[in-house]
2 protein chains.
Amino acid sequence: MNATATTPSLPAIPDTLTRSVEDYLKAIYRLSPEGQPASTSDIAHLLELSAPSVSGMVKRLSELGLLEHVPYKGVQLTDAGRRAALRMVRRHRLIEAYLVQFLGYGWDTVHAEAERLEHAVSDPLVERMAAALGHPVADPHGDPIPDADGAIHEPACTPLAGMSVGDTAEIRRVDERDAERLRYLASLGLVPGVAVTLRDRQPFGGPVTVEASGERHVIGPELAQVVLVRSEGDR
Amino acid sequence: MNATATTPSLPAIPDTLTRSVEDYLKAIYRLSPEGQPASTSDIAHLLELSAPSVSGMVKRLSELGLLEHVPYKGVQLTDAGRRAALRMVRRHRLIEAYLVQFLGYGWDTVHAEAERLEHAVSDPLVERMAAALGHPVADPHGDPIPDADGAIHEPACTPLAGMSVGDTAEIRRVDERDAERLRYLASLGLVPGVAVTLRDRQPFGGPVTVEASGERHVIGPELAQVVLVRSEGDR
DNA sequence: ACCTTGATTTAGGCTAGCCTAATAATTTCA
DNA sequence: TGAAATTATTAGGCTAGCCTAAATCAAGGT
């Protein structure tokens, strides 16, 4: 017995992770940016994999020291795991920003491309892109970009659905994953940086009416949930 | 029996190939751009894999209709295989050109990065890069870039080692794979576009002396083999 | 014509990741 | 509290790709 004795033989974290592993870490980070445990089934749902597949991978990742797993309770990233996850988040968001800025991509199509590229770019390339962009702090959807050390500042945002009638706020962030949704929001002019005023809300989870750039739009509740705003009052 | 009856059940070529398959096709293309058969062991050597691994993959690829294999004779790409290979060659060379032009890469470091990115980029991204570059016909090492339909024009080149003393020629192409070699060549000013005159050749495969940009350099025979030139006389 | 040599293929085994079906643990609710 | 529902894990199996060791084929020299 000559190891540092935490778990029975700890296989060091390999210097390069597989695509799968990177995707798991990103998913777990997304499910619990604050560090609360994420459930197996949530991970499975997000990655569109079966629950047993996730169970198996979770076991391997915890043996690698990338996360901690309490059976039937959930998983939490270790520091090493969170670092690796944030590295992927940084890559993803910088790639999106780069493709939009320099290669004419739209905010609706850029996610799929970044999803593959993030596993293939080298760290130096990521930093070159960051420099070419002038070290941006957010991607085209308003998602904050962690710095190279993994520090990230998540600005306080609330769903548009949570605004009160009469309130005015600025759109900060929009969930990036559904291209069609992004195209629809863009067609309405509901993009980050735009000021919106809530004009009406129907009861029982009904639609809301917002005014932006002088136009009024009726928005369904699930859409109003993925558009994040910052009230003029905050910070 | 309801198939078109060439081989006993032909599994259609999948729309996306794996990284491994893409690498095999590229390797086979490189070993036989003219279509002569490539040997198992040459493929194994180029990809740094064991011969049995290559044997197994070759079997699968021939079942997929990407190549034809005559046991103990060699493999030849089919039209579909060659098309897939040229698609990878186009990607690789355009990525190299893009990274050098827009992201400050040097010709010595760009190969490794392109080697990974070529498997991850989408066709539209490749075409956007090509457009941003103004549809170049060659990459930073002078290697010609196939067009989007897979047509490629390989300019007639001969190794510098094959020149006669007193001849003058233009450097056209340099093997891209060894970063250190590229750095050395660049330090001597021996890059594509430069005119060189052969001043001396030592017998028995000895070094050659070339003059370029007014300077003389002594070059070992294996280096003189990977620098390709076009004589002023040729086309 | 035979035998050695080198290239190639077959045999058998391994890991990473995925799956479905079956089992087990936890939570919920009557 | 105890059954039902939910959630997670184990069992067992699959493919892609890689490996080493063993067998086999193709040639070339005597």
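Only this structure's heavy atoms are used, side chains among them; waters, hydrogens and symmetry mates stay out. Numbered from 1 within each chain, the chains take letters A, B, ... in sequence-line order.
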Nucleic acid contacts of residues 113-121 of chain A, taken as heavy-atom distances under 4.0 Å to DNA chain D: none

Residues touching DNA chain C, which here means a heavy atom under 4.0 Å, drawn from residues 32-44 of chain B: B/Ser39, B/Thr40, B/Ser41

Whether over 12 other heavy atoms sit under 6.0 Å from B/Glu68 CD: no

Sequence-distant partners of B/Arg128, salt bridge (charged side-chain N to carboxylate O under 4.0 Å, His left out), two or more places apart: none

All side chain to side chain contact (heavy atoms under 4.5 Å, CB included) counterparts of A/Glu222, not counting sequence neighbours: none

Side chain proximity check, A/Leu66 to A/Leu77, heavy atoms < 4.5 angstrom: no

Interface with DNA chain C, restricted to residues 45-59 of chain A and to heavy atoms under 4.0 Å: A/Leu49, A/Ser50, A/Pro52, A/Ser53, A/Met57

Closest approach of B/Arg90 to B/Pro146 (non-hydrogen atoms, all atoms of both residues): NH1-O, 2.8 Å

Test side-chain contact (heavy atoms from CB on, under 4.5 Å) applied to B/Arg93 and B/Ile152, step by step: CA-CA 12 Å; B/Arg93 293 180 182 172; B/Ile152 185 169; 4.0 Å; yes

B/Ala130 versus B/Pro136, closest heavy-atom pair with distance: O-CD, 3.9 Å

Intermediate values then yes/no, side chain to side chain donor-acceptor pair (under 3.5 Å), A/Glu127 and A/His135: CA-CA 9 Å; A/Glu127 297 317 316; A/His135 300 282; 5.3 Å; no

Shortest non-hydrogen contact from B/Arg177 toward B/Leu46: NH1-CD1, 3.2 Å

Residues, nucleotides or ligands: over 12 heavy atoms within 6.0 Å of A/Glu180 CD: no

Ring-ring centroid check A/His141 A/His111, cutoff 6.0 Å: no

Check: B/Asp139 and B/Pro144 side chains under 4.5 Å, non-hydrogen atoms: no

Partner set under salt bridge (charged side-chain N to carboxylate O under 4.0 Å, His left out) for B/Asp42, not counting sequence neighbours: none

Pairing residues for A/Arg173 by the salt bridge (charged side-chain N to carboxylate O under 4.0 Å, His left out) criterion, not counting sequence neighbours: A/Asp143, A/Glu154

For DNA chain C, the residues among residues 64-72 of chain B that have a non-hydrogen atom under 4.0 Å from it: B/His69, B/Pro71, B/Tyr72

Side chain proximity check, B/Leu160 to B/Ile219, heavy atoms < 4.5 angstrom: no

Results of side chain to side chain contact (heavy atoms under 4.5 Å, CB included) for A/Val226 - residues two or more places apart only: A/Asp175, A/Arg181, A/Leu223

Distance-only donor-acceptor check, side chains B/Asp23 and B/His119, under 3.5 Å: yes

Positions of residues 13-22 of chain B (non-hydrogen atom under 4.0 Å from DNA chain C), listed by number: none

Student check: side-chain heavy atoms of B/Leu228 and B/Thr158 closer than 4.5 Å: no

Pair assignment for DNA chain C - dot-bracket with | for other-strand partners, Watson-Crick or G-U under 3.5 Å: ||||||||||||||||||||||||||||||

5' to 3' contact window, DNA chain C with chain B (heavy-atom distance under 4.0 Å): C/dT8 to C/dT10

Close side-chain approach of B/Lys26 and B/Glu115, heavy atoms under 4.5 Å: yes

Spacing of OH belonging to B/Tyr98 relative to CD belonging to B/Glu113, to within rounding of 0.5 Å: 13.0 Å

